[in-house]
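Only a predicted model underlies this, so the values are computations on that prediction, with no experimental measurement involved.
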Amino acid sequence: MAIRPPGAVATKVSPVEKETPIEKLKSELLSVTSSNEWDEKAGFDINENESTVSITVVGASGDLAKKKIFPALFALYYEGCLPKHFTVYGYARSKMTDAELRNMVSKTLTCRIDKRENCGEKMEEFLKRCFYHSGQYDSEENFAQLDKKLKEHEGVVSDADLLSMIIFQSDVLVGYRGFRLFLSDALCTMLTYISDFIDELSLCQKSSTLSRGGKASNRLFYLSIPPNIFIDAVKCASSSASSGNGWTRVIVEKPFGRDSDSSAALTKALKQYLTEDQIFRIDHYLGKELVENLSVLRFSNLIFEPLWSRQYIRNVQLIFSEDFGTEGRGGYFDHYGIIRDIMQNHLLQILALFAMETPVSLDAEDIRNEKVKVLRSMRPLQLEDVVIGQYKSHSKGGVTYPAYTDDKTVPKDSLTPTFAAAALFIDNARWDGVPFLMKAGKALHNKRAEIRVQFRHVPGNLYNRNFGTDLDQATNELVIRVQPDEAIYLKINNKVPGLGMRLDCSNLNLHYAARYSKEIPDAYERLLLDAIEGERRLFIRSDELDAAWSLFTPVLAELEEKKIMPEYYPYGSRGPVGAHYLAARYNVRWGDLGLDQSA
């Protein structure tokens, strides 16, 4: 009979059929180790069973990581949305210590307006979970070093580390009274398998692991890096730093190529190392509150769904404008232009959500299936349905604003458009003949992103004479303002109080800031949380991406081959005149040029 040392835990180990030497060794180690000593050595409680999540921001020293990703992760932590056991790792080529990363990140963190209490304490707790590892994006060795650090924080014990633990166990056992009797039982059994253990270890490319009570160690990689190094980083992360017993997911930032061919090549390269379910192609506009509310507005309100077709809708406008220029990003922007940067992804994704048929369910695949159907039903974009522009220098109020080509990172003879307008059509029963007008530009008169739905004129309207000859003034219009100052409002015709019959166009207005006291989460918060939870409905599938590029690739190639000159417009203006002629061709007036700018 073996004598058990004081304080040791002799857990009964259930017999396992065909138990391998490595499995038996691990079982014996667990059976004789003092629970306190195990916790002290491994750094965790083996009785816990929650999973861990390690979030690695690849490109942690870049602007996107500093301004968006780290603040979004902190906001999720502040709201209690992150798992109990999580670690955030920054990875980049820059040399930096953990303390330097935390100092950099701390400068961009803010707390919710409605939850200021314990803000400093929460920040300090979050920053303690943030670490840094410097390495090259194409180095498997550097990612293997990252993998080792991640395992330390995940509480994972690899087979390689198990050898050193045997020595530790021996040191502990030597101090016990009755060690000689104990040695003849359990320890000798362990030592019998050490040679077999070493042989088996040498055959393992990915080490099997002992983790907290068998919990899964999950890993999320966010690629906040230029697209030309996506594949190198994915290859190294997949081969050297993926999870051994949980999921591994990769968030990929746009641009997803420059055209159909480059996009297909990128997808093919990614799928050499990842499955489609592991790839999360992010378009942060799909995480905007008002974009996500689009399907709720349509499918849960009886008054809208019957009107959502060619019978009642005259045109749909998707408008994106910024009141600033490239401001140092000219080198990146000049390679892509406004069509690739905004229209092919942000605006087209919103269009697909707006125009899709009712999905079978809210499951991610059902929603994405309907979006793909819309994109495949769209008429190929023609050059005559596209207007491009580029902003030029302009002086206003004693201030001179630079031209696009004044940016030192932009070639002086650049023809890259900073503005584009396009008319698109969906050839299906619901939307046949309805123009979907897109407009996107930089250095315009305001900053705005909105969807404007203009309804048809009332046939035989009894009050036409009250509106005069301009019937567009009497058009009902539904406006969904995505940013800034989020709102949904419906323009209706109304009688002005008084004895006369004077009509007025008024707004039924849902202003989010007035209606809801809670601050609206940033889009990156929603998308990061969805990626952690495995929710894919707001991420772009590969066939969806192919369909989107097939619409724009031909016209982009034609613009570049023919070297079409962009129409110049002054910095801070409403854009090129050509955009108005394009709209007028389809009997449409841009809605953002009306009198409701204060709405």
Side-chain angles (χ1 to χ4, degrees), residues 53-79 81-82 86-113 119-120 122-137 142 146 149-150 153 219-230 233 237 250-255 280 282-285 287-288 322 324-333 336 341 346 407 409 447 483-484 519-532:
V53 174
S54 299
I55 305 163
T56 302
V57 182
V58 182
S61 58
D63 282 347
L64 178 63
K66 289 186 284 189
K67 294 178 181 179
K68 290 294 184 181
I69 303 173
F70 285 114
L73 288 171
F74 171 66
L76 291 174
Y77 174 71
Y78 192 79
E79 296 286 341
C81 295
L82 290 181
F86 79 92
T87 304
V88 178
Y89 248 93
Y91 184 97
R93 291 176 292 206
S94 306
K95 298 295 182 182
M96 200 185 308
T97 64
D98 292 345
E100 289 171 334
L101 174 79
R102 290 165 183 164
N103 181 57
M104 178 191 79
V105 171
S106 67
K107 296 175 182 177
T108 64
L109 302 185
T110 59
C111 292
R112 290 279 187 235
I113 292 174
C119 182
K122 286 285 188 180
M123 283 188 184
E124 188 174 337
E125 292 172 0
F126 174 77
L127 291 171
K128 286 179 181 178
R129 306 279 194 107
C130 296
F131 304 89
Y132 185 79
H133 183 72
S134 175
Q136 298 298 314
Y137 299 125
N142 292 158
L146 171 67
K149 289 185 177 181
L150 291 176
H153 290 284
R219 295 184 180 179
L220 177 66
F221 292 87
Y222 196 121
L223 301 189
S224 177
I225 52 179
N228 61 307
I229 50 178
F230 278 171
V250 178
I251 296 178
V252 183
E253 269 280 353
K254 74 174 184 71
F280 286 68
I282 191 171
D283 183 334
H284 73 272
Y285 255 71
K288 298 281 187 183
E322 290 179 335
F324 54 88
T326 52
E327 297 185 349
R329 288 182 66 243
Y332 161 82
F333 184 85
Y336 292 96
D341 195 41
H346 296 336
D407 189 320
T409 61
K447 180 179 180 181
Q483 70 173 29
E519 183 184 3
I520 295 176
D522 184 78
Y524 282 91
E525 297 172 33
R526 185 184 316 281
L527 294 169
L528 278 165
L529 182 60
D530 280 355
I532 292 170

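The two residues Leu220 and Leu528 come nearest to each other via the heavy atoms CD2-CD2, 4.4 Å. Closest non-hydrogen pair, Ala65 versus Ala60, comes out as CB-O, 3.5 Å. Looking at every heavy atom in both residues, Ile225 comes nearest to Val58 through CG2-O, 3.4 Å. Heavy-atom minimum distance, Lys447 versus Pro484: O-CD, 3.1 Å. Heavy atoms only, all atoms of each residue included: Cys81 and Leu529 are closest at O-CD1, 3.7 Å.
Applying the side chain to side chain donor-acceptor pair (under 3.5 Å) test to Tyr91 and every residue at least two apart in sequence or in another chain returns nothing. Remark: Asp407 pairs with Thr326, Thr409 by the side chain to side chain donor-acceptor pair (under 3.5 Å) rule, at least two apart or across chains. By the side chain to side chain donor-acceptor pair (under 3.5 Å) test, Glu322 is found to be paired with Lys442, residues two or more places apart in sequence or in another chain being considered. Qualifying side chain to side chain contact (heavy atoms under 4.5 Å, CB included) partners for Ala237, counting only residues two or more places apart in sequence or in other chains: Phe143, Phe221. Partners of Lys254 according to the salt bridge (charged side-chain N to carboxylate O under 4.0 Å, His left out) rule, which considers only residues two or more places apart in sequence or in another chain, are Asp341. Contacts of Lys68 classified as side chain to side chain donor-acceptor pair (under 3.5 Å), with partners at least two apart in sequence or in another chain: Asp522. Every residue two or more places apart in sequence or in another chain that forms a salt bridge (charged side-chain N to carboxylate O under 4.0 Å, His left out) with Arg526 is listed here: Glu289, Glu292. In terms of the ring-ring contact (aromatic ring centres under 6.0 Å, His included) criterion, residue partners of Tyr332 (sequence neighbours excluded) are, by chain and number, Tyr336. Take Lys149 and apply the side chain to side chain contact (heavy atoms under 4.5 Å, CB included) test, not counting sequence neighbours, and it matches Tyr89, His133.
Taking 4.5 Å as the limit, every side-chain heavy atom of Leu527 sits out of range of all side-chain heavy atoms of Phe280. Between Ile251 and Tyr524, every side-chain heavy-atom pair lies at or beyond the 4.5 Å cut-off. The shortest distance between side-chain heavy atoms of Leu223 and Val250 falls below 4.5 Å.
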Start with the C-alpha distance between Ser61 and Met96, add both sets of side-chain angles, then the distance that settles side-chain contact (heavy atoms from CB on, under 4.5 Å), and finish with yes or no. CA-CA 9 Å; Ser61 58; Met96 200 185 308; 4.3 Å; yes

Go through the steps to decide whether Val88 and Phe74 satisfy the test side-chain contact (heavy atoms from CB on, under 4.5 Å), and finish with yes or no. CA-CA 10 Å; Val88 178; Phe74 171 66; over 6 Å; no

Derivation and outcome, side-chain contact (heavy atoms from CB on, under 4.5 Å), residues Ile532 and Ile55: CA-CA 9 Å; Ile532 292 170; Ile55 305 163; 3.9 Å; yes

Would you sort out whether Gln483 and Tyr285 count as a side-chain contact (heavy atoms from CB on, under 4.5 Å), showing the intermediate values? CA-CA 10 Å; Gln483 70 173 29; Tyr285 255 71; 3.1 Å; yes

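With rounding to the nearest 0.5 angstrom, the CD1 atom of Ile229 is 9.5 Å from the CD atom of Gln136. In this structure, CD1 in Ile69 is found 7.5 Å from CG in Leu73, a value given to the nearest 0.5 Å.
The salt bridge (charged side-chain N to carboxylate O under 4.0 Å, His left out) analysis of residues 219-228, with sequence neighbours excluded, yields the pairs Asp147-Arg219, Glu154-Arg219.
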Under 3.5 Å, sequence neighbours excluded: what are the donor-acceptor pairs made by side chains of residues 124-132?
unit_1	atom_1	unit_2	atom_2	d
Glu125	OE1	Tyr77	OH	2.7
Arg129	NH1	Lys84	O	3.4
Arg129	NH1	Phe86	O	3.0
Arg129	NH2	Lys84	O	3.4
Tyr132	OH	Ala92	O	3.3
Tyr132	OH	Ser94	O	2.5

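Looking only at distances, a side-chain donor or acceptor of Thr108 sits under 3.5 Å from a matching main-chain atom of Lys66.
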